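Report on the structure given below.
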Amino acid sequence: MDPVVRLRGAVALIGRFPALSGADLAVLPGEVVSVVGANGAGKTTLLRVLAGLTPVRSGEAVVLGVDLRQDAPAVRRRVGLLGHAPSLYDELTARENVSFALRAAGLGTERVERSLARVGIGGRLASTRAGALSAGQRRRVALATLVGRAPELWLLDEPHASLDTGARDLVADLITEATAQGAAVVFTSHEPEAALAMSDRQADMAGGRVTELRPGARGPRLTTVEGDSHVA
Amino acid sequence: MDPVVRLRGAVALIGRFPALSGADLAVLPGEVVSVVGANGAGKTTLLRVLAGLTPVRSGEAVVLGVDLRQDAPAVRRRVGLLGHAPSLYDELTARENVSFALRAAGLGTERVERSLARVGIGGRLASTRAGALSAGQRRRVALATLVGRAPELWLLDEPHASLDTGARDLVADLITEATAQGAAVVFTSHEPEAALAMSDRQADMAGGRVTELRPGARGPRLTTVEGDSHVA
Amino acid sequence: MSVRPKTSARPLPWWARWAGILGAVGTAATVWLGLWVTPPDRTQGNLVRLVYLHPPIAWVALYLAFGLAALSSLLYLWRRTRSLFWDRVAAASVEVGVVFNALTLATGMLWGRPTWGVWWTWDARLTSTALLLVLFLGYLALRRVPAEPEVRARRCAVAALVAFVDVPIVHFSVIWWQTLHQGATVLNANLSPTIHGSMAWTLLLGFVALTLVFVWMVAVRYRIEVLADRTDAAHLEISLEERWSEAEPTSSDVGSARPPSQVGT
Amino acid sequence: MWRDALLVAGKDLRIELRSRVALWQVLPVAVLFLVLYAFALGPVRSTLASAAPGLFWLAVLFSTVLATQRSFAIESGEGTRDGLRASGIDPAGVFLGKAAAVAAELAVLQVVLWVAMSLLFGVHVHTVWLAVVASVLATIGLAAAGTLYGALSAGLRVRETLLPLLVLPVLAPVLLAASRAWAGALSGPLSDGVSWLRVLGPFAAAYVVVGIVLYGPLLEAG
Amino acid sequence: MWRDALLVAGKDLRIELRSRVALWQVLPVAVLFLVLYAFALGPVRSTLASAAPGLFWLAVLFSTVLATQRSFAIESGEGTRDGLRASGIDPAGVFLGKAAAVAAELAVLQVVLWVAMSLLFGVHVHTVWLAVVASVLATIGLAAAGTLYGALSAGLRVRETLLPLLVLPVLAPVLLAASRAWAGALSGPLSDGVSWLRVLGPFAAAYVVVGIVLYGPLLEAG
Ligand code: HEM
Ligand SMILES: Nc1ncnc2c1ncn2[C@@H]1O[C@H](COP(=O)(O)OP(=O)(O)OP(=O)(O)O)[C@@H](O)[C@H]1O
Ligand SMILES: Nc1ncnc2c1ncn2[C@@H]1O[C@H](COP(=O)(O)OP(=O)(O)OP(=O)(O)O)[C@@H](O)[C@H]1O
Ligand SMILES: [Mg+2]
Ligand SMILES: [Mg+2]
């Protein structure tokens with residue numbers, strides 16, 4: 001089967017700086033790839049390129065069979081990105097944010113409550129304005145939109161950052177479920193060992209390129225411990 | 001000696017919500033206290049209160065011998081906060097940001113280069129506009145201002161978030177050095193074990209209060225591994 | 001598409017050079033004819049001689065420069081013909097157009113002072129022309145904003161098209177609402193110049209000459225654009241090298257990672 | 001496209017209702033501008049009356065700038081603009097939605113301004129239908145052009161101040177036409193007034209079409 | 001205090017020079033406003049000449065709004081505003097610094113507007129010293145009041161649109177006084193013009209003092 005992601009010598013500029021300086025990467029359906037590397041290695045840029053948000057200057061970049069340089073918008077509709085700063089409307093409640101995202105993706109709103117519950121944003125929190133939520137809660141809400149949208153390619157930038165211990169397993173479970181449904185996942189991390197355990201392959205990045213690819217230690221892990229994702 | 005921080009039943013509102021609902025905490029000079037707890041427990045609010053940024057509604061709140069409810073500005077000058085989102089001017093370079101912060105604190109700019117080098121922001125990066133830096137690099141710059149200002153109380157909100165493996169030890173070293181110079185440190189974390197190892201005491205937070213205080217496992221740790229804090 | 005210019009930056013093509021030379025000669029001839037050969041106007045006296053410069057300049061600005069800009073912007077936005085070539089052409093012709101637009105205002109004001117007794121008045125034609133200048137200055141401002149070539153091209157193409165909306169307004173301003181400004185004497189509906197023969201010919205010559213000048217200027221600006229893109233491409237090569245070098249442990253940051261003074265405090 | 005438009009418009013208006021910006025900030029500012037103009041022109045009432053239509057539309061214009069600014073400030077939260085791009089909403093829908101929201105705000109605003117003006121300057125509309133038609137057309141044009149240009153500068157860091165530079169010159173024609181039309185509606189010869197509708201109509205149509213077609217490229221522009 | 005003021009002013013101006021907002025955006029907008037006002041008032045030249053001073057100061061006023069907006073947009077990056085509070089800079093210093101930066105921008109702007117105005121409206125300043133003194137005083141007043149109120153709205157997310165509401169009414173007197181003074185400087189009886197300086201002076205002084213005193217509490221307000 002043809003890969004979900006195929007980058008060959010992809011170059012992407014931020015301003016005039018080649019944040020991505022010729023990256024090569026291939027991701028197969030149902031695969032989980034973790035990206036590790038020093039600060040400034042180009043991980044975020046890589047994810048934003050794959051999300052179709054940062055334009056590719058040169059090289060080959062095909063995502064979900066679509067050439068990014070031809071039709072980035074088409075890609076955006078099918079991938080889901082969780083960035084360093086989750087993109088929420090501060091004035092809207094968590095619930096409204098999720099339902100807006102889902103309806104924007106052409107989906108019904110029946111999944112909203114389930115998605116929110118899944119990430120442990122229930123009751124009062126669901127109707128609190130996003131601007132008032134805590135760092136971790138905001139990330140949970142952002143995750144909820146992904147859960148609801150169920151994209152074909154999940155792009156998670158440091159998914160564990162500012163999530164509490166309970167939610168760490170949540171992330172692992174979400175990834176497992178996504179792949180179980182045939183989606184691919186690319187996530188960045190600053191904990192190589194932990195990441196390795198969660199991924200089929202791990203990419204080292206440095207100087208805007210993928211410098212090494214090593215096999216990961218991920219076994220099939222489909223049991224989800226109920227009650228993991230509660231918020232105190 | 002009298003404590004650096006003394007909170008008794010401190011209540012702080014965000015909007016009309018009691019994000020801090022009667023917290024008790026005492027921190028002695030040279031002590032390192034880690035704060036852990038679920039998302040939304042009130043950790044960030046606690047730190048912002050101690051930094052004199054969020055007003056205390058009721059209860060007792062004394063920092064560095066100053067009553068927060070009397071003279072918060074006086075406190076601000078003497079404490080240093082590293083927030084979830086480091087506060088930098090995007091248009092200014094890393095170097096300019098640090099030197100502005102130092103001069104604002106009434107210090108000379110001779111420490112700037114050393115502080116930047118200390119957190120691994122050297123050469124090209126030092127003269128890159130902060131807005132263009134990566135998540136981790138921004139946090140490093142924010143750390144650099146603390147290094148330069150050498151406050152009497154360090155408040156670090158998830159200091160490890162989005163810092164690469166090398167920089168993790170950097171944080172540990174900075175904390176050690178700070179305490180060695182008699183400063184106190186309060187930091188939040190979502191990795192209880194790791195945090196425990198770095199702190200003299202650990203505070204559990206839930207529902208806006210400190211629910212438990214346990215002794216930490218921090219021994220005097222002054223050796224720093226060379227070449228830790230590299231930025232690729 | 002790659003930033004590497006498809007056109008090689010050879011010195012100006014022959015036609016551009018000739019356009020330049022002929023344009024210069026033609027303009028000189030126009031001035032000579034205008035000043036010495038053609039008869040002074042009954043009512044306006046020698047002031048009429050501005051008629052050989054002002055309208056042609058205006059036409060070049062409005063119809064050639066901004067017309068070309070709008071056209072190539074369209075061609076850029078249309079996927080089939082999308083190419084940075086059109087973006088460069090648009091940019092070049094807008095810059096030239098702005099110059100001619102300014103000249104239109106200048107000559108117009110020079111002319112207005114004696115004929116209307118004022119440098120400026122809030123006449124529809126005048127205002128809309130001034131507006132046009134501002135619009136395309138806005139376009140140039142937008143161009144300054146750093147962005148991916150494609151992004152900037154799209155952005156500016158849109159701006160150019162929207163700005164072009166004002167051109168018909170300028171032209172019909174004299175018809176839509178009564179203006180001090182001369183109605184369409186030459187470019188009127190049934191293209192029948194209502195002016196003296198020799199004047200008409202001089203006017204035509206002036207128009208042709210300025211058109212050639214326009215062509216030359218656009219060619220020059222285009223070439224500069226290409227050269228600029230070249231240097232960008234070169235710069236990219238270098239910065240790529242630097243970026244790769246960050247991967248090696250011998251990068252600039254490492255040495256300064258921790259000054260000796262700090263070890264084991 | 002229309003579904004998306006409704007979605008976006010709904011979202012924007014809801015946020016407006018929450019933050020009350022349009023209601024509590026833009027509106028008073030617009031009224032204030034009328035007052036200030038009066039100030040600047042001095043108390044000569046006759047001048048005021050004659051200037052009234054122009055001033056009215058300048059106030060509306062200024063409000064448009066503020067409204068569009070706000071409309072894109074909404075999108076420029078930490079990651080929100082990317083959110084809009086990533087959401088997969090049809091750009092044309094985004095355009096129509098945002099324009100509709102802005103138009104709605106402007107409509108409310110004009111009613112209030114209308115009242116304020118008649119109170120302040122003691123001018124009264126004779127041919128109401130003309131004034132209304134002119135307002136509707138002008139509002140559509142303003143909202144469309146404003147939104148279109150808002151997008152142009154939304155990506156840029158100088159948003160607040162670049163926007164007016166881009167919006168104002170393009171809106172100048174509508175300003176001229178609308179105020180002349182209103183002058184007609186207020187007192188002047190009706191025929192004139194009507195003839196100006198011929199400018200407003202095409203302008204409005206042009207910008208709506210241009211927007212629908214070109215908004216996609218613009219959103220990319222970030 | 002003064003040291004801090006210099007520090008802040010330097011920082012703001014440097015950021016301005018980097019982003020070129022004042023130069024490329026605010027300036028053209030101001031000029032545009034002159035043009036648009038002329039539009040709105042129609043081609044009657046005499047009206048223009050008489051209205052010129054008022055229009056000039058309305059343009060300056062609008063620019064003040066944009067400039068202060070920008071000045072606080074700088075501070076409202078992700079955590080920057082807290083940064084300013086946490087930095088321990090003397091609030092009075094912050095106030096003076098920001099006001100000085102804004103004043104500097106306004107000064108440049110007025111020179112350009114002055115030229116533009118004499119070209120567009122064909123009005124010329126007769127008693128230059130009066131115009132200059134009036135400008136200086138008015139600029140100080142505008143910058144001070146703008147900065148003062150900018151702080152009020154800086155914390156709120158509706159910054160862009162709340163600011164004008166807060167600034168404009170307070171600035172109305174300075175607008176009035178300045179334009180009358182200029183009217184005097186342009187043509188009118190000198191004595192009048194001078195008498196208006198007596199309004200401008202106190203106004204400017206008042207706002208500088210009020211700012212220095214109240215800025216601390218305001219920054220807390222966030
Ligand atoms: C600042 C003042 C002026 C401006 C901005 C201005 C602008 C223009 C423009 C844009 C055109 C081209 C319009 C078109 O062909 O669609 C034009 C044409 C022309 N202008 Fe002016 N003009 C000004 C003053 C004058 C004056 C004072 C006169 C003479 C009394 C004049 C006489 C003409 C004539 C004869 C044409 C050619 C009209 C035609 O044949 O279509 N202009 N002007
Ligand atoms: N305009 C610019 N000038 C110089 N360097 C730039 C510019 N824009 C981006 N960069 C550099 O590009 C890199 C961006 O990389 P990116 O944000 O992808 O890093 P990252 O791997 O996500 O790092 P982190 O782990 O901190 O998130 C950084 O090194 C940054 O310094
Ligand atoms: N206006 C409000 N309405 C309702 N709840 C609010 C409001 N403002 C704040 N909160 C709640 O207050 C809490 C803020 O806590 P805080 O940001 O300190 O959490 P935290 O411990 O830092 O969490 P994290 O680990 O995610 O950073 C959150 O639970 C948030 O939902
Ligand atoms: Mg990153
Ligand atoms: Mg927190």
Side-chain angles (χ1 to χ4, degrees), chain A residues 13-17 19 36-46 48 83-85 119-121 124-125 128-129 131-141 157-158 160-168 170 188-195 204-209 211 229-232, chain B residues 13-17 19 36-45 48 83-85 119-121 124-125 128-129 131-141 157-158 160-168 170 188-195 204-209 211 228-232:
Chain A
L13 304 188
I14 304 182
R16 305 188 65 195
F17 181 89
V36 299
N39 292 136
K43 302 184 291 299
T44 297
T45 312
L46 174 69
R48 287 180 55 82
H84 278 300
V119 299
I121 300 289
R124 174 181 68 78
L125 289 177
T128 303
R129 40 180 296 272
L133 293 176
S134 81
Q137 290 163 339
R138 288 176 63 89
R139 304 214 85 198
R140 285 168 182 260
V141 175
D157 205 349
E158 281 188 71
H160 297 107
S162 71
L163 285 182
D164 58 32
T165 39
R168 290 174 172 272
L170 168 69
T188 70
S189 170
H190 284 302
E191 294 155 0
E193 302 73 17
D204 274 348
M205 282 196 76
R209 287 196 290 193
T211 51
S229 50
H230 293 332
V231 179
Chain B
L13 305 186
I14 303 182
R16 309 183 61 197
F17 181 90
V36 298
N39 293 137
K43 302 183 292 298
T44 297
T45 313
R48 288 180 55 83
H84 278 301
V119 299
I121 299 290
R124 173 181 68 76
L125 288 177
T128 302
R129 36 179 298 272
L133 293 174
S134 81
Q137 289 165 337
R138 287 176 63 89
R139 304 213 86 199
R140 284 167 182 260
V141 176
D157 205 350
E158 281 188 72
H160 296 106
S162 71
L163 285 181
D164 60 28
T165 40
R168 289 169 173 274
L170 169 67
T188 71
S189 169
H190 285 302
E191 293 156 1
E193 300 75 16
D204 273 351
M205 281 196 78
R209 299 191 202 186
T211 51
D228 262 341
S229 52
H230 294 335
V231 178

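This is a predicted model, so every value here is computed, not measured. Convention: sequence-line order gives letters A, B, ...; per-chain numbering from 1.
When each of A/Gly42, A/Ser189, A/Pro192, A/Ser162 is checked for heavy-atom pairs under 4.5 Å with chain B, A/Ser162 comes out on top. Of all the listed residues (A/Ala132, A/Ala161, A/Gly136), the one sharing the greatest number of non-hydrogen pairs under 4.5 Å with chain B is A/Gly136.
Heavy atoms of B/Arg139 lying under 4.5 Å from chain A are absent altogether. Proximity to chain A (any heavy atom under 4.5 Å) is shown, for B/Leu163, by both the backbone and the side chain.
When atom types are taken as modelled, the side chain of B/Asn39 and the backbone of A/Asp164 share a donor-acceptor pair closer than 3.5 angstrom.
A 4.5 Å side-chain heavy-atom check between A/His84 and B/Arg138 finds every atom pair outside the cut-off. Side-chain contact between A/His160 and B/Glu191 is absent, with no heavy atoms from C-beta onward closer than 4.5 Å.
In plain terms, the two heavy atoms of A/Ser134 and B/Gly40 that are nearest each other are OG-N, 3.5 Å.
With a 6.0 Å radius and a threshold of 12 heavy atoms from other residues, nucleotides or ligands, B/Arg209 has its CZ atom at or below the threshold.
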